[in-house]
Every structure is written in structure tokens, then in C-alpha cells.
Amino acid sequence: MYDSLCFTDFGVAAWISKLYGIFISKITSLLFFLVQLGPIPRHLAIIMDGNRRWAKQRGLAPSEGHPWGSKTLTNALQWCYDSGIRQLTLFAFSIENYKRPEEERQRLFELAKEKLTEMLDSRDIIQRYRVKVKLVGDLSLLPEDLQRLMHSVMKETAENEGPRLNICFSYTARDEICTALVHMLNDILERKLSFKDIDASLLDEYIARGQGLSKECLAPDIILRTSGEARLSDFLLWQSSYSLLYFSDRMWPDFGLWDFLQLLFWYQRHWREYQQLRQRQEHCQRHKEGV
Amino acid sequence: MTLSLQTIRRPIALLVYYILYWIFFTVEYLKPLFYKQSRMDTCRQKEQPKYQVKHLGIVRNDGVGEETSICSNLINVILWCLSLGIDTLTFVDSQVVDWSSWVRILCRVENFAKDSCILETSSCSHLTCTVENKSTGFFVLKLWNRNQTIFTLNLLHSNDAHLSLIRGIHHLVRTKLEEYQMIPISSRKKYVLDFLNSGAEGAMIGCEPQLVVIFGNIPSLVGFPAWEVRLSQIFFQPSFSSFTFRDLKEIVHMTLQTPKRFGT
């Protein structure tokens with residue numbers, strides 16, 4: 001009798017849990033349907049900051065925060081694609097992060113390998129949504145096995161026609177710009193280009209070419225940074241000149257659906273003024289060119 | 001007239017959407033009340049800052065304003081900067097197309113002599129102001145006191161976000177291409193990086209501001225030189241005309257208190 005009672009309790013708990021999951025899923029779908037009644041950003045860039053501080057606040061080792069951040073990332077990818085965002089750029093690992101202790105770096109690389117291996121799994125969100133993945137940065141600085149895995153993921157998802165995911169790994173914006181400039185200067189020396197051809201549009205092309213992206217993929221509509229820090233920290237400096245900046249006080253592992261919806265409604269609130277500002281800027285540009 | 005389910009659904013969806021929109025708007029509206037409190041708490045900290053803010057960046061996105069009034073506010077900001085030890089200000093205005101009329105107002109040395117608490121009255125007669133039009137409307141005003149630069153004001157447009165770096169690249173190509181050609185291929189990236197970091201021999205604004213204040217409802221760096229904003233602390237303020245010395249002091253203090261990890 002005792003055994004049958006336990007079985008019944010377990011069945012009821014599982015049944016309630018399943019119902020709750022379905023309820024949350026329906027509410028989430030409804031919320032994403034509603035938010036898409038307003039303008040949705042085409043391209044969102046995220047600086048996932050605060051993993052180590054989050055871990056310290058909970059008495060964990062700083063490097064313990066990164067796996068939790070990875071879970072938030074999985075959720076964030078789902079939210080982005082469900083809400084209609086077509087391109088996502090993540091700042092995963094900076095060239096400056098090589099200064100961190102060896103143990104933490106190795107842990108981050110291991111986490112990256114786990115995440116990339118998951119991406120090759122057909123059940124993973126990347127395959128479900130047919131996401132095209134691009135790794136952006138100076139990948140030659142990374143361990144060889146990680147580089148091979150990265151190239152596998154890019155090759156595997158190259159034909160996907162769904163949303164795009166750009167992961168900035170071993171990346172800084174200045175390094176990206178200088179790499180593009182070196183190619184440009186080499187072309188000038190080889191007389192493929194002249195000095196008069198150099199303008200912002202040309203640099204756009206060289207940066208995009210260097211990262212294997214198309215020129216249209218570059219500029220994010222929003223740069224989101226978590227943990228309360230209000231800096232770009234050498235992320236997409238060239239591309240973010242005209243982007244909206246959103247600094248959230250939440251640590252990245254704590255960034256939830258409410259915060260994500262807050263971000264989208266915030267964008268919708270600023271969207272009209274932002275479009276007007278872009279039009280004024282284009283008008284100024286045309287005026288200067290006319291002069 | 002029969003109503004279809006689709007006809008009923010859309011208005012209801014829009015109603016729920018606007019309710020949600022206003023809920024999130026209210027939450028965001030109330031947040032600054034708590035943010036201002038925490039900013040004041042930060043300012044009460046007694047820790048001695050390890051470095052000083054020397055370069056301030058300002059981006060003005062708060063709409064059209066009367067030129068004389070904005071110039072007057074800008075002069076006040078310059079005087080406040082001098083009192084806080086800030087010797088460079090980079091000012092980007094998303095509305096201004098031509099800085100020439102502004103420069104004529106800003107260049108008058110008597111504007112800076114009006115506050116004797118900041119500049120000693122006896123040295124006012126030695127104040128001079130020089131203007132340099134770098135190219136395509138990028139102006140640099142320098143305030144001199146007895147042959148020493150005491151303040152530099154960079155005036156840029158909203159296009160200068162990219163044009164600033166392009167000017168640096170043009171200067172590199174015009175003047176350093178032969179030297180660049182001699183450098184080993186493996187060192188070329190570092191050469192370009194160092195050249196641009198140093199300010200491209202005056203073609204760019206030269207140094208990175210420790211903090212950038214964005215005024216207006218549009219939280220964007222519209223126009224601020226892209227290269228130089230790498231590690232700048234960014235703050236948002238509602239309006240340039242209502243910006244006070246106390247606000248600037250609080251912001252500078254917060255910048256000094258913020259830990260600078262830079263990847264570590």
C-alpha cells in the first residue's frame with residue numbers, strides 16, 4: 001500500500017509538472033506573439049558579462065559561473081529566434097581574456113567545445129531553427145582542437161537559411177579593424193585599389209570579407225550588455241556607431257525572459273526616434289557629400 | 001454583420017500588447033528614481049580614486065536647440081571640466097551640419113574669464129584661443145594660458161563616427177605607406193594599431209575619453225569616433241540644457257570608482 005501511495009504521488013507530481021511546463025510554454029508563445037505586433041530588431045549583439053561576479057555572489061569559484069551563463073545563452077537563443085530576431089552576435093571571448101589564469105581559460109575552452117559539439121547535434125536549437133553559425137575573431141590564437149571544431153560547425157551550418165549566429169571568439173574590434181586595414185593596404189600596394197577609393201563603405205567591405213560575412217550583416221540594432229557595466233570593451237566598435245545601447249543591471253546568468261521582453265519593449269519605445277535620428281544622419285551625410 | 005474570430009482576435013491582441021507595453025514603460029520610468037539613489041550612495045564612498053579623468057566625451061542627441069543657448073551650456077561645461085582637472089572635451093552634436101558659427105561664439109576668450117573662481121583673474125589677459133579646422137569640418141579649439149594649452153575642445157559631426165577613422169587611414173596611406181611597405185608582414189598589424197592608437201599624427205582626436213555622456217532620449221553613440229570609444233564608460237542624461245555641475249561631478253566620481261578589469 002505504501003509503495004502504491006508513493007507511485008501515485010510521483011505520478012501526480014509529474015502530471016502537475018508537465019501541465020506547468022505546457023502552461024509556461026503557451027504563455028511564452030503568447031508573449032512572443034504579442035511583442036511581434038511592434039517592431040523587432042533585426043540584429044541583436046550581446047556582451048554576456050557578469051558570470052564570474054554572479055558565481056562570487058553565491059560563494060562559488062569565479063569560473064563556476066560560466067556553465068550557468070551557458071544555460072542562459074541557450075534560453076536567450078530560443079527567445080531571440082522565437083521573437084523574430086534574424087541575427088545574433090555574441091561576445092564570447094576577448095583577446096584581452098588571454099590574460100586570465102590558465103585554469104579559467106581552459107575551462108572556458110572546454111565549455112566552448114561542449115557548446116559547439118551540441119550545435120552539431122540535430123536536436124540542438126541551432127539545427128532545429130536552421131541557424132547559420134559563424135565564428136568571428138583571430139581563431140589562430142586558439143588551441144587546434146577547438147579551431148577544428150569551430151570550422152566543423154561553420155561548415156555544417158553553412159547551407160542553413162535560417163537566422164544567423166555570429167560568435168565573437170578570440171576577438172577585439174580593434175584587431176578586426178586592423179586586420180581589415182592590413183588587407184586594404186596590401187591591396188593598395190599591389191595597385192588593386194587607390195587611395196581615393198578609401199571610404200567607410202570600403203572598410204565595411206573589408207571587415208565583412210575578413211570575417212566571412214556579408215556587408216549587410218554588420219551593424220546591430222541593439223548592443224546589450226549585462227552586469228551593469230556601461231562600456232563597449234572593444235566589441236563591434238565600427239559596427240555599433242549608430243546602434244542603440246542597452247545596459248542591464250542583471251548578471252548574465254540571471255538574465256531571464258522578463259528582462260528579454262523588457263529589452264524588446266524598450267527598443268519599440270525608442271524605435272521611432274531612432275529611425276528619425278538615422279534619417280537626419282543620412283541627410284547630413286548627403287549634405288556633406290553635396291558640399 | 002457577422003464578426004469573424006480573426007476580426008475579434010486582432011483588436012484584443014493589440015489591447016493586450018499595449019497593456020504590456022505600458023507595464024514595461026512604467027517599470028522603466030520608475031527605475032531612474034532608484035538609480036539616482038544608488039548613484040548618490042556611490043558618491044558617498046570615501047575610496048581615493050587611482051587615476052583622474054582627463055578626457056570627457058559628449059554626444060548630444062536631445063533635439064534641436066537654439067545655438068547661442070547650447071554654446072552657453074557648452075562653455076559652462078568647459079569651465080566645470082577645468083575645475084575638475086579635465087583638459088579635453090570631445091563634443092559631438094547629431095544636429096549640427098556646420099560648426100563655423102559655433103566656433104565664432106566659442107572662440108571669445110572673455111567667455112572663459114567670466115568665472116574668476118576657476119581661472120585666476122590675473123591670468124585672464126594671457127588667455128588665447130586657437131582654432132584648427134582639421135578637415136571636412138572637424139574643428140579643434142585650444143585654450144592657451146601663457147603658451148601652455150590648458151584645454152582642448154574637439155567638435156565633430158554625427159558622420160565622424162566613421163570619418164574620424166577614415167581620416168586616420170588616409171593620413172597613414174599619404175605619409176607612411178613607404179615605411180609600412182618595409183615592415184615585415186607579421187608586424188604590419190601592430191604598426192597600424194600603434195599608428196591609430198597614437199591619433200594618426202593629429203588626423204584623429206588622439207586620445208580615448210574615460211567617459212562619454214549621451215544626452216537625449218536616444219541612447220546611441222551617434223557620431224562619436226568609433227576607434228576611441230573602446231573602454232569609455234558611458235552615461236545617459238536626459239537633456240544637455242538641464243545638465244549641472246553636480247551631475248558632472250557625480251558622473252566623474254562614479255567613473256573613478258568603477259573597477260577597470262579590461263578582460264582580466
Side-chain angles (χ1 to χ4, degrees), chain A residues 30-31 33-35 37-38 94-100 172-175 177-179 181-182 184-186 188-189 195 198-200 203-204 229-234 237-247 249 261-262 264-266 268-270 273-274 277-278 280-281 284-285 287-288, chain B residues 13-14 16-17 20-21 23-25 27-28 35 61 94-97 136-137 157-159 161-163 165-166 169-170 172-174 177 180-181 185 188-190 192-193 196-197 214 216-236 258 261-264:
Chain A
L30 175 64
L31 286 170
F33 167 74
L34 288 171
V35 85
L37 292 174
S94 167
I95 291 175
E96 300 292 330
N97 292 150
Y98 283 104
K99 294 176 196 166
R100 289 190 180 174
T172 58
R174 284 190 176 178
D175 180 78
I177 293 168
C178 288
T179 306
L181 286 178
V182 164
M184 193 191 290
L185 291 170
N186 291 346
I188 290 173
L189 289 171
F195 161 77
I198 301 174
D199 58 13
L203 186 54
D204 272 339
E229 296 289 346
R231 291 190 291 261
L232 291 178
S233 294
D234 219 343
L237 295 179
W238 178 261
Q239 298 89 329
S240 65
S241 297
Y242 303 100
S243 305
L244 291 173
L245 304 173
Y246 186 87
F247 299 117
D249 291 333
L261 288 170
Q262 200 166 15
L264 292 182
F265 280 108
W266 172 89
Q268 290 175 359
R269 207 160 65 75
H270 288 94
E273 288 163 324
Y274 179 57
L277 186 72
R278 291 301 305 267
R280 275 203 304 272
Q281 188 263 326
C284 280
Q285 174 98 27
H287 180 270
K288 281 174 75 69
Chain B
L14 278 172
V16 177
Y17 166 77
L20 270 175
Y21 181 96
I23 289 172
F24 281 101
F25 173 71
V27 166
E28 201 187 316
Y35 171 70
N61 287 335
S94 61
Q95 306 292 332
V96 172
V97 175
T136 60
H157 298 105
S158 60
N159 297 323
H162 290 166
L163 281 181
L165 181 58
I166 298 299
I169 299 165
H170 280 171
L172 174 67
V173 172
R174 270 200 307 266
L177 200 59
Y180 173 85
Q181 203 170 3
I185 291 173
R188 285 181 178 179
K189 200 200 284 192
K190 188 170 183 323
V192 171
L193 181 71
L196 295 174
N197 279 345
I214 299 174
N217 290 330
I218 307 163
S220 173
L221 284 163
V222 179
F224 203 90
W227 184 265
E228 284 87 349
V229 82
R230 183 176 70 119
L231 296 172
S232 307
Q233 193 77 6
I234 298 169
F235 290 88
F236 301 106
T258 305
R261 288 184 302 278
F262 305 153
T264 53

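All of these numbers come straight from a predicted model, not from anything done at the bench.
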Novice: With a 6.0 Å cut-off (strictly less than), is the heavy-atom count around CG of Asn217(B), excluding the residue itself, greater than 12?
Specialist: no
Novice: Does Tyr180(B) form a side-chain contact (heavy atoms from CB on, under 4.5 Å) with Val182(A)? I'd like the steps, not just the answer.
Specialist: CA-CA 10 Å; Tyr180(B) 173 85; Val182(A) 164; 3.6 Å; yes
Novice: Where does Ala173(A) contact chain B at under 4.5 Å (heavy atoms): side chain, backbone, both or neither?
Specialist: neither
Novice: Where does Leu244(A) contact chain B at under 4.5 Å (heavy atoms): side chain, backbone, both or neither?
Specialist: both
Novice: What option among Ile188(A), Val35(A), Asn186(A) has the most heavy-atom pairs under 4.5 Å with chain B?
Specialist: Asn186(A)
Novice: So Leu20(B) and Leu31(A), do their side chains get closer than 4.5 Å, heavy atoms only?
Specialist: yes
Novice: How close do Ser220(B) and Ser241(A) get, heavy atom to heavy atom, and via which atoms?
Specialist: OG-O, 4.0 Å
Novice: Side chain, backbone, both or neither: which part of Ser243(A) has a heavy atom under 4.5 Å from chain B?
Specialist: backbone
Novice: Report, as yes or no, whether the 6.0 Å neighbourhood of atom CZ on Phe195(A) holds more than 12 heavy atoms from other residues, nucleotides or ligands.
Specialist: yes
Novice: Taking the six-membered ring where the residue is Trp, are the ring centres of Phe235(B) and Phe247(A) under 6.0 Å apart?
Specialist: no
Novice: Between Arg174(A) and Leu196(B), does the side-chain contact (heavy atoms from CB on, under 4.5 Å) criterion hold? Intermediate values first, please.
Specialist: CA-CA 10 Å; Arg174(A) 284 190 176 178; Leu196(B) 295 174; over 6 Å; no
Novice: Got a sec, which residues hit ring pair (Phe, Tyr, Trp, His ring centres under 6.0 Å) with Trp227(B), two or more places apart in sequence or on another chain?
Specialist: none
Novice: Would you check if Gln268(A) and Phe24(B) make a side-chain contact, meaning some heavy-atom pair closer than 4.5 Å?
Specialist: no
Novice: Could I get the full list of salt bridge (charged side-chain N to carboxylate O under 4.0 Å, His left out) partners for Arg230(B), not counting sequence neighbours?
Specialist: Asp234(A), Glu208(B)
Novice: Any donor-acceptor pair under 3.5 Å linking the side chain of His170(B) with the backbone of Ile198(A)?
Specialist: yes
Novice: Starting from the C-alpha separation in whole Å, work towards a yes-or-no answer on side-chain contact (heavy atoms from CB on, under 4.5 Å) for Lys189(B) and Asp175(A).
Specialist: CA-CA 8 Å; Lys189(B) 200 200 284 192; Asp175(A) 180 78; 2.8 Å; yes
Novice: Is chain A contacted by the side chain of Ile185(B), its backbone, both, or neither, given a heavy-atom distance below 4.5 Å?
Specialist: neither
Novice: Rounded to the nearest 0.5 Å, what's the gap from CG on Asn197(B) to SG on Cys178(A)? Could you check?
Specialist: 7.5 Å
Novice: Between Leu237(A) and Leu165(B), is any pair of side-chain heavy atoms under 4.5 Å apart?
Specialist: no
Novice: Out of curiosity, Leu232(A) CG to Gln233(B) CD, how far, rounded to the nearest 0.5 Å?
Specialist: 10.5 Å
Novice: I would like to know whether Leu30(A) and Val16(B) meet side-chain contact (heavy atoms from CB on, under 4.5 Å); could you show each step before the answer?
Specialist: CA-CA 10 Å; Leu30(A) 175 64; Val16(B) 177; 5.9 Å; no
Novice: So Trp238(A) and His162(B), would you call those rings parallel, tilted or perpendicular, with 30° and 60° as cut-offs?
Specialist: parallel
Novice: Using every non-hydrogen atom in the two residues, find where Leu231(B) and Arg231(A) come nearest and quote the distance to one decimal.
Specialist: O-CD, 3.3 Å
Novice: Under 4.5 Å from any heavy atom of chain A, what part of Leu193(B) do you find: side chain, backbone, both or neither?
Specialist: both
Novice: Any sub-3.5 Å donor-acceptor pair from Tyr242(A)'s side-chain atoms to Ser158(B)'s backbone N or O?
Specialist: yes
Novice: Between CG of Leu37(A) and CG of Leu14(B), what distance do you get to the nearest 0.5 Å?
Specialist: 5.5 Å
Novice: Do Val27(B) and Gln262(A) make a side-chain contact, defined as non-hydrogen atoms from C-beta onward lying under 4.5 Å apart?
Specialist: yes
Novice: Under 4.5 Å between any side-chain heavy atoms of Phe236(B) and Leu245(A), yes or no?
Specialist: yes
